[in-house]
Every structure is written in C-alpha cells, then in structure tokens.
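Presented below is the structure to which this report refers.
In listed order, ligands and their atoms are each counted from 1. In this chain, numbering begins with 1 at the start of the sequence shown.
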Amino acid sequence: MRDRLQKYDPEIFDAILGEESRQQAELELIPSENYTYPEVLTALGTVFTNKYSEGYPGNRYYGGQAYTDTIERLATARARELFRAEHVNVQALSGAAMNQAVYYGLLEPGDSILAMDLTHGGHLTHGSPVSHMSRVFTFHRYKADASGHIDFDEVQRVAEKVRPKLVLCGHSSFPRDLDYAGFKRVADAVGALTMADVSHIGGLIAGGVQPNPLDHGFDVVTTTTHKSLRGPRGGLVLSKAEFGRRIDKSVFPGLQGGPHMHTIAAIAVALKKAAEPEFREYAARSVSNAKTLAGRLIERGADLVTGGTDNHLMVMNTVDSFRLEGRDAQQALEDVGLATNKQLVPDDTLSAQRTSGVRLGTPAATTRGMGDTEMIAVADLFVRALRNRGDAAEAKAVRSEVRELCARFPAPGPLLPAPA
Ligand code: DSN
C-alpha cells in the first residue's frame, strides 16, 4: 500500500516519511501530544472512512450500518466502563466540538459559564475572546494563586454574583490536581451544572492515577482521546444518563453531520488498551516522570509555575529562569530536537505569540519507555540548550545527545524508519 502512494504522490509520501523521521528523532515534550499505538493507526487507515453513518447505532439515516454499529457500540461500552459513566457520546470530531456540543446541548445562548482564567490554565474553548463560544455565552473567570491553590470562598463569591448556569473546571496548562468536590459545592450552592474538561488528564484518570470527576457527582466530563489517552484525534462526552439525549442531539444533528467511523474504530481500540493493566503503569509513570523532570529542572534553577506538578505537565517561566521569552525558548529547544510549546504564564503581560514561558510534559516520552534516569538527562539537556542559546557548537552537541537518547527509546509505529 505504501508503495502505491509513494509512486502516485511522492510529494505527500515524502512529507509523511519526513514527519515519521522527525517524530522518531526528536523528543516530544508537548504535553498534549503522544505517539499512538500501531493498532490504532491500522484502525484509522481502514474502509470505515468510506461510510456515512449519521445517527446513532440502531437508528441511522443511511443503510449498510452493520459494522459501524458494532464499532460504535463497542467504543461507547468501553468508555462507559473505563470512566464509570452512565452515558457516552463518541462522535465529536475534536475537543472544540465536544465542548461546544455540551454548551449548546445544556445551555441557552447568553447563559453564564464560570471557567478558569485562560492564562492560569484554562482553554480557548472555555471562552477565550477569540473563540466563537464567547459570542454565544457569557464567561466569567476564577484563578489559582501562585501555589496553584484555588480559593473556593472566592469562587463562590463570584458564582453568587454572576449566577452561572454551568461551573466549568479543567485545563490545558494547569499542573495541579483539581478539587472536584470544591467545584461541586459551589455549583450546588447556585444551582449550576458541573462540567470538567479533562482532555489533558483523560489517560491519567483512565489509568487510575487521577480522580474522576464523575465519582464526585459531576454532570458532564469531556476528554479528547489523543493526549494522555494515546488514541486517535477525537472527543468523548461522558455524562449522567439524564443529559445523554440532549448531548447526543447536540452532537448530531446539532453540530455535526456524519461521524468519522474510522476514528471511532480507532478510539475503541485505544479504550481497550487503556483498560489493560499496563496502561495503569503507563499512567503512573507519566506522573512520576513529570515529577522527576520538574524536580531536576528546579534544581538546575528553573522557575516552574506553582513550583512543580501533580500531573503530567509543567509550565516554566522562561523569562524568570533564563531571561528568554517563551517564543525564543521554544525555538532554541526545537533547534536541539526538544519539542515544547510557548505558553502564557498566569497574568502574562506578553502576547500569546510571545509569552513568558513554555509548557512541557511527559506522556510521549513515557510512551517511548523513558523513566527517571532519562528525565534527569532531558532536564539537563533542556537547561544546556537554553543557557547556551546562540552557541552553535553547544547546540550541535545537545542535538546529538537528544538523537542518541531517542534512538535508544524508539517511538512505537510499524512504519517509522530509524532516524538518520
Ligand atoms: N491544543 C491542545 C493543547 O495543546 O493543550 C488543547 O486544545
């Protein structure tokens, strides 16, 4: 099959090879990225991509659904069991779509949502002014203090003032555990629904190393499937049974047409993997690796937001640590084969294009099989790259050590060639 693509479209084929080689030779430290399983890649590249399946199992608009129904039923059953959810929707095409589906399904335009401040770890789809969601719903904010603690008396004061219909927690750059019981208390006091977007830590919850908001009585939990969960790109909406019908209708026909059945097949495979005992070890190691990486970075003089991490990610203030804007730090790290992303720090005074920090995490390095020893080595390479920015000989030496480390811990995937 690869031969046919190579012959027919060498430009695309070469780009695929280039990306395979890049992923193999560079170390992925962006906390939202991962290397998925070969079995997931196989399921993605199947004839399910040919099929239209609007509707839900047993109730579709087109014929020929015997096998699509099988995979969607398996995917939903596996997710229900893994996350102890009463209802699951597996059709959202991405994280943005899954969150929109919840807002539109459970709220009315103009309703208020109380969500985390974006520079403190919230997400674009939690009401960033540049997101269409902020034109439809009214977002209000809460923050964490410098240690990552959220003052629930203050959250409650804001909630009593703005009377939100939905209290939303969850993050894309917050390195600390969340107190779900605290959010639930605030929501109950003002009669609001509760939603947690656990996209970053979905795999850590599935692996049993982070609390599950559903166990604390949350109404809705959303998670993407391609981050710590190691599946294909997609979104799950997990909820109490009473909200299932409204959420399903909101996903289809409210927001989307035909679901991507090849992705749903691949999500089902990833969920089967996540239920295996090895996945619990993987999740635990992602967290222990992050703690080791954070500890070593701090020892080497780095300033981490909240002073460390409880999960798989950390945010480094690169201006305070290395007198470098996030944008420049990201570039210096990329030059040596360490992939991170520039990141706003709490109450950042720089723009999102410049930023005062970078975000890094361990899910992908952990998938490669790396442990504490490698995390210490990575922290040291990281610091060398930033301290010696502009020194070409040092950058070359660091790059070569990163490559050597990556070659010893190959990323999974049947199609990946060894790095040059
Ligand atoms: N882009 C994802 C992340 O990096 O956290 C969230 O959408």
Task: Test side-chain hydrogen bond (donor to acceptor under 3.5 Å, both in side chains) applied to Glu404 - qualifying residues, sequence neighbours left out - done: Arg408

Task: Protein residues having a heavy atom less than 4.0 Å from any atom of ligand 1 - done: Ser32, His123, Ser172, His200, Lys227, Arg359

Task: Pairs meeting criterion side chain to side chain donor-acceptor pair (under 3.5 Å) with involvement of residues 259-274, two or more places apart - done: Glu39-Lys273

Task: Ring centres under 6.0 angstrom apart (His200, His312) - done: yes

Open item on the list: Less than 6.0 angstrom separating the ring centers of Phe382 and Phe322, yes or no?
Closed with: no

Open item on the list: Taking side chain to side chain donor-acceptor pair (under 3.5 Å) as the cut-off, I'd like each qualifying pair that reaches into residues 239-253, sequence neighbours left out, listed once.
Closed with: His87-Asp248, Asn89-Asp248, Asp219-Lys240

TODO: For this output row, return yes or no: ring centroids of Tyr282 and Phe279 closer than 6.0 angstrom.
DONE: yes

